[in-house]
Amino acid sequence: MAIVTAVSATFLLAALAPWLGRVLGTRAGWIFATVPAAIAVWLATRAPAILSGTPIEGRLAWAPSLGLELAFSIDGLGLLFGLLISGVGGLVLIYAGAYLGPHRHASRLQSFLLVFMGSMLGVVWSENLLGLFVFWELTSISSYLLIGFDHERPAARAAALKALLVTGGGGLCLLVAVLMLGSIGGSYDLGALLDERDTILASPWLGAIVVLVCLGAFTKSAQFPFHFWLPGAMEAPTPVSAYLHSSTMVKAGIFLLARLDPLLGSAAWWGPLLTAFGATTMVLGAVLAVRQTHLKRILAYSTVSSLGIVTMALGIGTEKAVVAGFAYLLAHALFKGSLFMVAGAIDHGCGEKDAERLGGLRRAMPALFTASLLAALSMAGLPPLLGFIGKELLLEATLAAPTWTTALVVATTFAAALTVTVAFLAGVRPFIGSLAETPRTPHAPSPGLLLGPGLLALLGLAAAVLPATAATPLALGAAGAVLGDVPEKSLALWHGLTPALGLSALAVAVGAGAYAGRRIVRSGLDRIGALDRVGPERLYGAALKGLLAVAGGQTRLLQSGHLRSYVFITLGTVVLLVGGTLWLRGAVPFDAGPENPTWPELLVGAVIVAGSIATVLSRTRLAAIAALGLAGYGLAIMFVLFGGPDLAMTQLAVETLTVIIFVLIFRRLPQFRSFSTPLRRLADGLVALIAGLMVTGLVLVIARTDTDPTLARWFGDHSVPDAYGRNVVNVILVDFRAMDTLGEITVLAIAAIGVLALLRPGRMRRRHRGRAVS
Amino acid sequence: MDGPPGNANLLPVLPVLIPLIAAALSLLAWRSLAIQRGLGLAGAVGLLASAVTLLVEVERGPILVLQVGAWPAPFGISFVVDRFGAVMTVLAGVVGVATFVFSMGSVDARRQRLLYHPLLCVLLAGVCGAFLTGDLFNLYVWFEVLLMSSFALLALGGGVLQVEGAIKYVTLNLLSSALFLIATGLVYGALGTLNMADIALKVRAGDSPEAVVAVSVLLMTAFGIKAAAFPLFFWLPASYHTPPFAVSAIFAGLLTKVGVYALVRSFTLMFVAESEFTHAILLVAAGLTMAVGVLGAASQREFRKVLSFHIVSQIGYMIMGLALFTPLAIAGTIFYVIHHIVVKANLFFIAGIADRLRGTSSLVHAGRTSLYAKAPFVSALFVVAAFSLAGMPPLSGFFAKFVLLKAGVEAKSWTIVATAAAVGLLTLFSMTKIWAEAFWKAPDPADAPIDRTRSPKPPARGMIGTCTALAAITVLIGIFAGPVFEFSQRAAEQLLDGEQYIRAVLGEQALARLETGGETSGSLRIADGTTAEIGGPR
Amino acid sequence: MNALFAIVAGVLFACGTYLLMRRSIMRLVMGLVLIGHSANIAIFTATGLKRTGPAIVPIGEETLPATAADPLPQALVLTAIVISFGVIAFAVVLVSRVWATAGTDDSNRFREDDDMEAVS
Amino acid sequence: MKNVLLQTATRYLLPLLLLFSVVIFLQGHNKPGGGFIAGLIAAAAFSLHALAFDAASTRRLLRVDLRSLIGIGLTLAIASAALPLAFGRTFFSGLWTSIGGDPATGDPGLKIGTPLFFDLGVYLLVVGIAMLLVLTLLEPAGPTYEGPADESEGDAA
């Protein structure tokens with residue numbers, strides 16, 4: 001139950017935050033942070049138990065009939081992520097308070113951050129895939145609202161939309177995959193699904209499931225070719241970038257891959273897909289990062305690269321690789337979160353975001369510099385920091401990779417080298433050299449701004465120096481959740497003189513060189529930059545534009561605003577469907593019926609036909625009304641011929657009244673004009689003709705069958721004895737089926753009210769914005 | 001005094017009778033707006049109360065039947081209440097009450113004086129009549145009742161946009177009515193009955209001539225127009241953005257759903273003999289309706305027009321469930337309808353509040369204020385409704401979409417699953433468009449068409465209250481997704497169990513014919529298709 | 001004679017729908033009238049035309065003779081006639097309102113989609 | 001249309017036509033006729049009056065406002081449907097009583113029942129709506145083109 005409490009406490013606080021923010025003012029962040037801090041502490045105390053193999057569990061039935069349960073379970077994987085989410089989350093809440101200061105909507109931001117935190121905890125602790133998905137989508141929504149925090153800027157709105165569409169699209173793929181898994185395995189519970197693992201692996205849907213899961217994970221974790229939304233998301237305020245877009249949300253995709261690895265890991269395409277896309281993303285992200293000068297964008301692209309690394313590690317799938325992946329993930333969360341907050345603090349302190357226009361800040365912000373340096377060195381993979389351990393393990397793992405070994409080693413070393421460059425660029429460059437001119441005079445950050453980056457950077461150091469206290473158990477525990485059992489291994493700074501160390505040294509040397517010659521490197525890369533024109537980001541833009549064009553085009557075509565074409569299409573559809581069915585099934589035999597028509601009948605028929613055709617052909621209003629009346633009176637006579645005096649009288653009266661109304665109204669209307677072209681008229685005539693044939697056919701086919709006389713007989717038998725009326729039609733109307741008549745008179749009453757409202761609309765406010773009259 | 005015997009079970013007609021009485025009395029009190037208002041609201045509340053009672057009754061027991069006038073079925077008219085009909089009636093009550101409350105603060109006095117309230121009452125009576133009647137021709141009559149009052153409401157006090165929209169609406173809906181009427185006559189000609197249970201019995205017993213398929217397709221197109229399915233939806237986006245917001249909202253919530261209801265009723269209870277054929281047509285229509293509707297929404301730049309096209313798109317989802325024709329899929333349709341009616345009406349109400357605050361409904365032009373900054377509560381209401389509509393968890397729309405997708409996956413209808421998923425994304429896209437343009441965008445004094453003649457006025461408390469209540473229902477449907485889904489399942493089972501319906505209306509002995517008449521499965525047709533067996537159930 | 005009136009119903013429906021597709025809104029509303037007639041004849045014919053007396057129980061008898069016309073279709077058509085009268089009356093007046101406010105009787109000149117997304 | 005001849009004729013025709021409509025109404029249950037047709041005949045009579053004199057004087061002649069008349073008709077119809085409920089019968093079931101019947105001779109007499117009241121409701125309603133249509137259309141302020149139109153959505157009043 002503790003888990004449920006933890007998650008719901010976060011959501012509860014989120015709901016109260018806007019109100020609390022008003023009460024507490026700028027200090028609110030510190031208060032809000034107590035909840036995540038408490039969660040982190042709780043997790044830490046329970047960590048030994050979890051790591052020794054007894055996960056914490058909690059359950060809240062939600063909609064069991066739908067297979068949806070909030071079934072939580074914290075294993076090694078959940079512990080690692082849970083600590084990151086709550087730990088970094090607490091720091092970010094404090095940081096956000098300081099960053100936004102007295103901003104009017106500061107507490108709104110914190111509220112969304114808390115929503116996000118709760119959702120993220122839900123994702124990483126869910127035992128039930130459907131529950132996981134629910135929280136997964138919530139992270140997308142809260143991310144949307146967070147990226148668009150500066151909602152009055154169009155760029156922020158566009159970036160929020162981009163992130164939402166990409167991750168939302170992936171979310172739908174994931175949903176379908178989850179549905180397929182549930183359909184095969186009969187449950188959405190991971191445990192139950194694992195029991196059905198063999199069935200799932202043998203399913204013909206396996207390929208589709210793997211691809212759909214990957215689409216979900218790759219979009220969320222900004223893997224190539226979906227990486228482009230992440231740099232765009234830097235439109236968000238820095239606390240958001242630090243939290244969502246470096247240390248937590250983007251890792252949700254990786255979490256998903258890790259979570260499903262035991263289930264899908266042996267599928268043929270799983271490993272190669274992850275390795276290939278991870279490696280591509282790793283290299284691409286690193287290259288793109290070097291090209292940037294804007295601090296947050298540098299960090300964003302390098303985050304893309306790091307996410308690629310972890311994906312690749314999961315793809316390789318060996319014990320070494322998985323451990324390396326989680327060690328790197330932990331290191332990355334610490335150093336990247338720290339660096340983002342540093343970037344934000346710099347921006348806050350001097351109003352400049354461009355790394356190349358910053359310099360010499362070490363004197364104004366010494367403490368921040370220390371934090372930044374530690375984080376940057378960790379990122380660069382230098383000892384004695386956690387980044388170093390992660391990178392060493394990774395190189396070792398690639399060297400031992402079962403397939404594609406050389407390519408992976410080269411790619412990883414290359415990316416590591418560029419990461420060194422990027423680390424210096426983002427974490428060191430702004431502080432060294434001579435003081436650069438900035439929009440604001442640099443001043444030291446407040447404690448709130450310093451706490452986050454400082455603490456995270458220090459943790460990166462502490463975890464590396466004392467790996468056994470936290471880093472080793474956490475990484476191994478997470479790896480154990482993926483691999484099935486916890487590997488016998490320990491993380492250490494010193495591994496001896498291994499090939500990995502050599503590659504590492506090479507990478508640092510190359511990276512430092514590239515940093516020194518970054519102008520040359522950049523101009524070189526800019527030449528490749530031409531590729532941007534065909535890149536996925538362009539594709540996204542083109543797709544969006546294309547979608548709008550298609551949408552507009554088809555809508556303009558269909559919803560043309562022209563009533564004529566509406567009727568035409570509607571009628572055409574009716575004719576096609578009904579006529580088609582009749583054609584296919586009915587094969588209308590031309591059957592004139594048992595009896596030949598008599599002369600009066602022929603005459604009446606001719607009168608009605610003549611009237612209706614004359615209505616179509618007449619060119620004046622009065623002629624048309626007269627013709628219409630002819631058809632109507634003809635109808636009345638027809639009713640007389642076939643034993644319907646009530647009908648005939650009613651038709652006669654109604655027709656007379658109709659003619660009167662038509663005359664009264666049409667005299668105020670213009671003369672008939674013909675608007676359509678002959679071709680249109682021909683097309684309309686054709687459709688009308690087929691429609692007429694359809695009605696004739698239907699009537700003929702049905703008239704051939706004898707109507708079951710049960711009802712007619714019953715009415716005839718019961719009319720006099722039970723309803724005291726001899727006119728059976730009238731008895732049906734006022735007694736047997738009086739409900740119809742009640743509806744009928746209601747229609748009449750409403751029609752009269754409607755006419756009254758139309759003709760006596762009351763006082764109209766005249767305005768001159770009306771359409772021009774031509 | 002003498003007359004046919006009968007029980008005094010009035011309950012099944014109350015949802016029709018109460019608003020109808022309110023309307024009749026309002027006509028008598030045509031001089032007093034206050035009385036009309038009170039009567040109208042009382043009528044809607046009474047409708048809701050009776051509908052809830054009905055729902056409770058059918059939840060506890062069997063299908064409720066009232067033989068109107070105590071004339072036995074299939075001779076008189078039967079009012080039949082099963083779970084589906086009851087829940088639809090409850091939803092009509094909810095939207096009805098919401099509309100009355102919202103109207104008080106939002107519809108101008110001039111329109112109200114044109115007998116606005118009785119019109120609304122009759123609209124509700126017509127909608128409920130359609131949901132509850134068990135007679136095909138009576139269904140036609142109730143359709144006309146609701147149609148006529150919707151015509152009047154649409155054109156009421158009409159400006160140019162309104163009457164132009166109305167003429168399109170009227171024309172296409174009357175075409176639909178004529179087709180419906182012809183089809184009803186043909187059904188009587190072919191089967192000799194109008195009672196739905198009796199039709200179902202005869203179709204199941206194999207008494208129907210083969211041409212009945214063509215008649216059922218004719219009915220399908222007639223209801224397809226009412227439901228605004230592709231390619232019969234044109235009247236909807238042409239008119240729904242023109243009347244007052246309250247009227248738009250009740251239309252959006254209820255009217256197309258009557259068409260969906262009729263489709264569901266026809267193709268689960270009555271015309272199931274050739275389901276491979278008819279439901280294949282429905283499936284294609286469902287996919288195209290979703291896609292074309294959402295693309296239409298993506299192309300619009302006016303608040304209510306985006307929403308209008310979305311109605312079309314979501315009708316596609318509802319038809320999808322019917323077309324898949326599995327118990328789960330039908331349950332999905334029912335869940336979707338429940339969710340949709342509440343959310344859609346609410347979005348139109350919120351559009352009304354937004355229009356009032358912004359001074360424009362255009363999404364191109366910045367309004368008078370950035371709602372997100374200045375009206376956080378309204379923004380929150382919109383977020384709930386919009387993300388629910390887009391099918392985001394944990395709101396009602398997610399579960400509705402989820403059930404349908406699940407049904408699609410289990411039926412292995414990949415095309416429709418892919419379409420439904422993709423349309424979900426596009427729905428999200430157009431909801432965020434409204435959000436970004438109407439809520440996030442900053443006011444720009446240089447930007448033109450804000451209607452300066454309309455004085456800025458805060459929304460009335462009733463307006464906000466209405467939207468809050470409906471948003472709360474949306475959230476509650478999400479929280480209680482389990483019970484709602486279980487109810488939908490029970491309702492779907494009841495729908496698919498035609499014999500239960502037949503037994504309730506015609507009595508146990510009617511079913512005896514099914515056993516002697518051969519198979520009871522839904523794929524019967526008689527060999528030569530020329531004559532129908534003569535002889536009714538009695 | 002079934003065929004005769006099936007054809008008459010068809011002709012009415014064809015003429016009605018043709019008028020429904022006219023851009024002139026006055027003709028359109030006349031089309032609605034014809035379609036209504038068509039529906040009534042279709043019902044009447046499909047349920048079997050009988051050249052017999054009205055469905056009135058003769059004085060002195062208790063039940064309707066078997067030869068009399070089927071009263072139910074008549075009741076249906078009667079209801080339909082009345083309903084369509086109400087609806088047509090409203091539609092005609094609506095047409096006049098459209099003319100009075102919009103100033104045109106050409107339905108193609110009604111605007112509807114001026115707010116659409118421009119194709120970029 | 002101020003034709004003296006017509007006005008004079010109307011004075012005599014009006015009561016006759018109304019009487020005729022009552023007859024048609026009353027025989028409707030047993031012979032062709034009924035509330036709807038009878039109502040239209042009565043409406044025709046009043047329309048004649050309106051043509052002979054003017055709409056305003058016809059309104060005066062009718063005394064009751066047409067909206068109320070429609071309301072009365074509808075209420076009467078619903079009431080006759082609901083009345084059986086008071087006697088423990090179901091909605092719309094007919095309640096009958098006979099006047100002047102003689103069970104001894106088997107003469108059923110005149111049967112009076114709720115269906116007749118229902119039909120009366122129909123009759124009144126039909127008179128109401130037919131007159132509303134005719135009078136509204138006859139009175140001047142009818143539809144003529146009114147210039148730039150009102151486009152209000154009506155939500156600001």
Side-chain angles (χ1 to χ4, degrees), chain A residues 63-66 134 137 141 148 151-152 157 161 164-165 168-169 172 176 179-180 183 548 551-552 554-555 559 563 566 569-570 573-574 577-578 581-582 585-586 698 701-702 705 707-708 710-711 714 722 735-740 743-744 746-747 750-751 753-754 757-758 761-763 767 771, chain B residues 4 68 71 75-77 110 114-115 122 138 141-142 144-145 148-149 151-152 155-157 168 172 186 189-190 192-193 209-211 213-214 217-218 221 231-232 234 237 295-296 298-299 372 392-394 405-406 409-410 421 424-425 428-429 432 436 440 442 481-482 485-486 531-532 534 536:
Chain A
S65 48
L66 283 163
V134 168
E137 292 289 79
I141 298 175
H151 55 93
E152 302 198 339
R157 299 201 293 263
L161 178 65
L164 183 68
L165 285 185
L172 284 166
V176 176
L179 280 167
M180 288 167 131
S183 182
L548 287 179
Q554 72 115 31
T555 310
Q559 196 77 27
L563 179 55
Y566 296 169
I569 299 174
T570 305
T573 310
V574 173
L577 287 177
V578 180
T581 311
L582 204 58
R585 302 304 181 89
L698 278 172
V701 171
I702 300 298
T705 66
T707 302
D708 182 345
T710 316
L711 261 65
W714 188 91
D722 290 339
D735 202 337
F736 294 139
R737 293 184 66 94
M739 200 70 173
D740 283 344
E744 168 204 314
T746 312
V747 172
I750 296 302
I753 292 176
L758 279 175
R763 188 178 52 85
R767 255 187 289 114
R771 62 186 306 173
Chain B
V68 177
W71 302 111
F75 308 107
I77 290 172
R110 180 171 66 87
L114 295 171
L115 299 172
V122 173
N138 199 237
V141 172
W142 293 120
E144 294 297 296
V145 169
M148 192 61 237
S149 38
F151 292 168
L156 203 63
K168 293 170 184 168
L172 290 165
L186 295 176
T193 187
E210 197 170 8
V213 188
V217 175
L218 183 61
T221 53
L232 313 164
F234 306 107
L295 286 176
S299 69
Y372 184 64
M392 291 304 247
L405 282 177
K406 187 174 173 184
V409 167
E410 284 178 4
L425 186 64
L428 186 61
F429 169 70
T432 53
W440 265 354
F485 172 68
E486 285 149 30
T531 49
I534 293 176

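Lettering of chains follows the sequences in order, A, B, ..., and the numbering in each one begins at 1. Worth knowing before you read on, the calculation uses all heavy atoms, side chains too, and leaves out hydrogens, waters and symmetry mates.
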### Message
Is B:F485 in contact with chain A via its backbone, its side chain, both, or neither, using a 4.5 Å heavy-atom distance?
### Response
side chain

### Task
With a 4.5 Å cut-off on heavy-atom pairs, point out which of B:P231, B:A436, B:A481 contacts chain A the most.
B:P231

### Query
CD1 of A:I753 to CG of A:L758: how many Å apart, nearest 0.5 Å?
12.0 Å

### Task
Let me know if A:Q554 has heavy atoms under 4.5 Å from chain B in its side chain, its backbone, both or neither.
side chain

### Query
chain A: which of B:L156, B:V409, B:L428 shares the most heavy-atom pairs with it under 4.5 Å?
B:V409

### Query
Between A:T555 and B:L295, which heavy-atom pair has the shortest distance, and what is it?
OG1-O, 3.8 Å

### Query
For the atom pair CG (A:L66) and NZ (B:K406), what is the distance rounded to the nearest 0.5 Å?
6.5 Å

### Message
Using every non-hydrogen atom in the two residues, find where B:F75 and A:R737 come nearest and quote the distance to one decimal.
### Response
O-CG, 4.4 Å

#### Entry: Contact leader toward chain B among A:V747, A:V134, A:I750, A:D740, where contacts are heavy-atom pairs under 4.5 Å
A:D740

### Query
Sequence neighbours excluded, which residues qualify as side chain to side chain donor-acceptor pair (under 3.5 Å) partners of B:W440?
none

### A:S183: side chain to side chain donor-acceptor pair (under 3.5 Å) partners, not counting sequence neighbours
none

#### Entry: Heavy-atom proximity to chain B below 4.5 Å, by part of A:T570
both

### B:L172 portion near chain A, given a 4.5 angstrom heavy-atom threshold
side chain

### Summary
Pair count under 4.5 Å, heavy atoms only, with chain A: among B:A155, B:G296, B:G76, highest is B:G296

### Task
Sort out for me which of B:A152, B:G482, B:G189 touches chain A most, counting heavy-atom pairs under 4.5 Å.
B:G189

### Task
Could you tell me which of A:E152, A:R157, A:E137 has the largest number of non-hydrogen atom pairs under 4.5 Å with chain B?
A:R157

## Note on the structure
Correct closest heavy-atom pair for A:Q559 and B:F234 would be NE2-O, 2.7 Å

### Query
Who wins among B:T221, B:V68, B:L186, B:V213 for the most heavy-atom pairs under 4.5 Å with chain A?
B:L186

### Between B:W71 and A:D722: side-chain donor-acceptor atoms closer than 3.5 Å
no

